[in-house]
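The structure appears below as structure tokens.
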Protein chains: 2
Amino acid sequence: MMGGMAAGSKPLRSDAARNRDKLLVAATQVLAERGLDAPLEHIARRAGVSIGTLYNHFPTREALLGAVLPQRMAALDEITAAALAHPDPWAGFAGFLEGLFTLQAEDHSLNEALTQSFSLATDVSQACHRGFRDVERIIERARTAGRLRADFAPTDLVTLIWAMSQVIRESMETAPDTWRRFLAFFLDGLRAEAAHPLPQGHRSADR
Amino acid sequence: MMGGMAAGSKPLRSDAARNRDKLLVAATQVLAERGLDAPLEHIARRAGVSIGTLYNHFPTREALLGAVLPQRMAALDEITAAALAHPDPWAGFAGFLEGLFTLQAEDHSLNEALTQSFSLATDVSQACHRGFRDVERIIERARTAGRLRADFAPTDLVTLIWAMSQVIRESMETAPDTWRRFLAFFLDGLRAEAAHPLPQGHRSADR
DNA sequence: CACAAACTTGAGGCAACCCTCAGATTCGTA
DNA sequence: TACGAATCTGAGGGTTGCCTCAAGTTTGTG
């Protein structure tokens with residue numbers, strides 16, 4: 001499952017190891033600032049290294065993302081753990097969402113990564129899928145407690161993440177609290193007592 | 001008001017007028033398919049015209065958008081009118097949202113235009129602002145009827161449009177009905193009886 | 001110290017897209 | 001029909017970003 005990171009690799013020469021670290025630091029910063037398709041040249045420059053060296057260590061952009069993002073996503077683990085530990089299932093669920101989106105708002109790369117997680121490097125999707133188990137438990141717990149509406153499915157959370165990613169992106173500069181207000185509206189629709197029947201199945205394949 | 005199109009301009013030569021029309025048709029199609037920053041070369045090619053001709057008629061991308069988008073947005077007028085005419089204020093409000101997002105889902109350029117409307121060509125923002133008056137009335141009507149929660153402001157609709165634009169974009173290929181489900185959840189949070197106090201921090205949503 | 005292997009460098013070839021402009025073409029009128 | 005003005009064309013110069021590779025530099029071991 002977890003293997004041991006990049007363990008078992010060949011030992012790097014000292015200068016190479018140093019450069020690799022500088023690249024990871026720079027990449028973390030630049031990606032957080034400019035998103036997942038920040039120019040690789042920027043990252044190399046910020047690391048004080050040539051573009052060729054970047055390609056030496058990370059032959060593709062995905063390889064680089066795979067080295068940076070899972071680490072960033074580790075922050076999510078604390079949040080899911082706290083949510084599960086919360087005595088009130090609904091408060092745990094709501095707190096989880098708040099923590100998740102706070103992270104997204106702080107890190108542009110995380111925001112995009114969560115949105116695109118299924119088309120990304122395997123390392124990244126793995127990190128996503130691993131965490132998803134806990135998320136399902138958070139949802140299930142709030143639902144069986146009768147607080148979260150029964151027809152809310154884990155995949156609906158993916159949709160919410162999509163929605164929030166855009167709200168965060170658009171409002172970040174001018175009114176960075178916007179997402180909290182939006183989330184409050186949405187949460188009010190997720191309470192069990194607020195539930196109205198959802199639109200029926202989509203049998204209109206043609207129009 | 002709309003009298004004769006680009007009224008006040010000098011009369012175009014016949015071939016020029018024909019090319020201009022072909023460009024508008026092509027642009028409408030290509031923009032709907034590929035979004036607001038579709039390559040201008042694609043549009044010229046689809047119109048069967050050279051890139052130079054495109055620049056002849058529309059010296060900037062914004063000029064082209066300004067000629068295409070307001071027309072597309074006219075479809076919104078019907079929707080707002082229908083919403084205001086609906087006997088049930090809540091159903092009018094909900095129907096308006098459904099119509100709006102249906103349009104967004106059908107036209108990629110409209111989707112992006114609505115989310116970016118404030119950084120776009122004046123023609124486009126004007127079209128937006130004009131329509132916004134009616135939208136405010138739709139909201140106000142549902143609110144004073146006691147159906148829409150009292151703390152929902154017109155600017156919250158902008159946020160919802162941001163959110164939806166991403167949901168539509170991400171799900172369009174694989175599950176194009178996703179946005180309806182999401183909207184249903186959200187609407188349940190907008191009903192007056194579902195309202196819980198919003199987070200403090202920024203009091204009301206006066207922009 | 002010497003030297004091979006490991007590593008770095010950055011110019012340079014690609015590709016996509018933007019926009020321009022001198023010369024060729026077409027229109028419409030006299 | 002002729003001809004000037006209006007219009008069209010598309011090669012070409014500029015930009016940004018991707019990725020490669022031959023030549024130079026550093027490391028660490030014998």
Side-chain angles (χ1 to χ4, degrees), chain A residues 6-27 29-69 108-109 112 116 119-121, chain B residues 5-27 29-68 108-109 112 116 119-121:
Chain A
S9 281
K10 54 279 162 171
L12 285 178
R13 224 173 66 177
S14 65
D15 57 343
R18 217 175 318 128
N19 282 338
R20 189 172 201 278
D21 284 347
K22 286 194 288 185
L23 278 167
L24 287 176
V25 170
Q29 291 173 1
V30 173
L31 292 175
E33 290 165 15
R34 317 184 47 125
L36 292 187
D37 30 65
L40 297 180
E41 262 106 351
H42 287 202
I43 295 175
R45 201 175 313 134
R46 170 135 5 161
V49 132
S50 96
I51 180 65
T53 298
L54 187 152
Y55 277 96
N56 264 351
H57 289 284
F58 307 101
T60 68
R61 170 177 236 106
E62 298 242 309
L64 180 58
L65 296 182
V68 166
L69 291 180
H108 210 304
S109 71
E112 295 183 10
Q116 307 170 11
S119 49
L120 280 178
Chain B
M5 324 257 19
S9 281
K10 52 276 167 172
L12 286 178
R13 223 172 66 178
S14 65
D15 55 344
R18 217 176 317 132
N19 282 339
R20 188 172 203 279
D21 285 347
K22 286 195 286 184
L23 278 167
L24 287 176
V25 170
Q29 291 173 2
V30 173
L31 292 175
E33 291 164 17
R34 316 181 53 123
L36 291 187
D37 29 62
L40 297 180
E41 261 106 351
H42 287 204
I43 295 175
R45 203 174 312 134
R46 170 129 11 156
V49 131
S50 97
I51 180 66
T53 297
L54 187 152
Y55 277 96
N56 263 353
H57 288 284
F58 307 101
T60 68
R61 171 179 235 103
E62 298 241 309
L64 180 57
L65 296 182
V68 167
H108 210 303
S109 71
E112 295 182 11
Q116 305 171 13
S119 48
L120 282 177

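Small disclaimer: the values here were computed from a predicted structure and weren't measured. Chain letters run A, B, ... following the sequence lines, proteins first, then strands; residues in each count from 1.
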Next on the checklist: Checking contacts here: which listed nucleotide (dC17(C), dC7(C), dT7(D)) is nearest the side-chain heavy atoms of Ala16(A)?
Outcome noted: dC7(C)
Item to check | Distance in angstrom units between Asn56(A) CG and dC19(D) P, rounded | outcome: 14 Å
Checklist entry - Are the side chain of Arg61(B) and the backbone N or O of Leu36(B) linked by a donor-acceptor pair below 3.5 Å? => result yes
Checklist entry - What integer distance in Å separates Arg45(B):CZ from dT9(D):P? => result 14 Å
Checklist outcome for this item: Between CG of Leu54(A) and P of dC7(C) the distance, given in whole Å, is 15 Å
Checklist entry - In whole angstroms, how far is the P atom of dT16(D) from the CZ atom of Arg61(A)? => result 17 Å
Checklist entry - Between dT8(C), dC19(D), dA5(D), which one does the side chain of Arg13(B) approach most closely? => result dA5(D)
Item to check | Residue closer to the 5' end of DNA chain D, Leu12(B) versus Leu12(A) (nearest nucleotide) | outcome: Leu12(B)
Next on the checklist: Quick check for you: among dG28(C), dC17(C), dT9(C), whose closest atom lies nearest to any side-chain atom of Ser14(B)?
Outcome noted: dG28(C)
Next on the checklist: So if I take every side-chain heavy atom of Ile51(A) and compare against dC18(C), dT7(D), dC19(D), which nucleotide ends up nearest?
Outcome noted: dC19(D)
Checklist outcome for this item: Which of Leu24(B), Val49(B), Val25(B), Val30(B) passes side chain to side chain contact (heavy atoms under 4.5 Å, CB included) with Ile43(B)? Answer is Val30(B)
Next on the checklist: I want to check something: taking the side chain as every heavy atom from C-beta on, are Glu33(A) and Arg46(A) in contact at a cut-off of under 4.5 Å?
Outcome noted: yes
Checklist entry - What's the NE2-C1' distance between His57(A) and dC19(D), to the nearest Å? => result 16 Å
Next on the checklist: By nearest atom, which of the nucleotides dC8(D), dC19(D), dT8(C) is closest to the Tyr55(A) side chain?
Outcome noted: dC19(D)
Item to check | Closest contact, heavy atoms only, His57(A) versus Asn19(A) | outcome: NE2-CB, 4.2 Å
Checklist entry - Which part of the nucleic acid, if any, lies within contact of Asp15(A), taking any heavy atom under 4.0 Å across all strands shown: a base, the sugar-phosphate backbone alone, or nothing? => result sugar-phosphate
Checklist entry - Among dC19(D), dG10(C), dC8(D), which nucleotide sits nearest the side chain of Ser50(A)? => result dG10(C)
Next on the checklist: Rounding to an integer number of Å, can you tell me how far Glu41(A) CD sits from dT15(D) C1'?
Outcome noted: 13 Å
Checklist entry - Any side-chain heavy atom of Leu40(B) within less than 4.5 Å of one from Leu64(B)? => result yes
Item to check | Atom-pair distance (CG on Asn19(A); P on dT25(D)), nearest Å | outcome: 16 Å
Item to check | Between dC19(C) (P) and Glu62(B) (CD): distance, integer Å | outcome: 11 Å
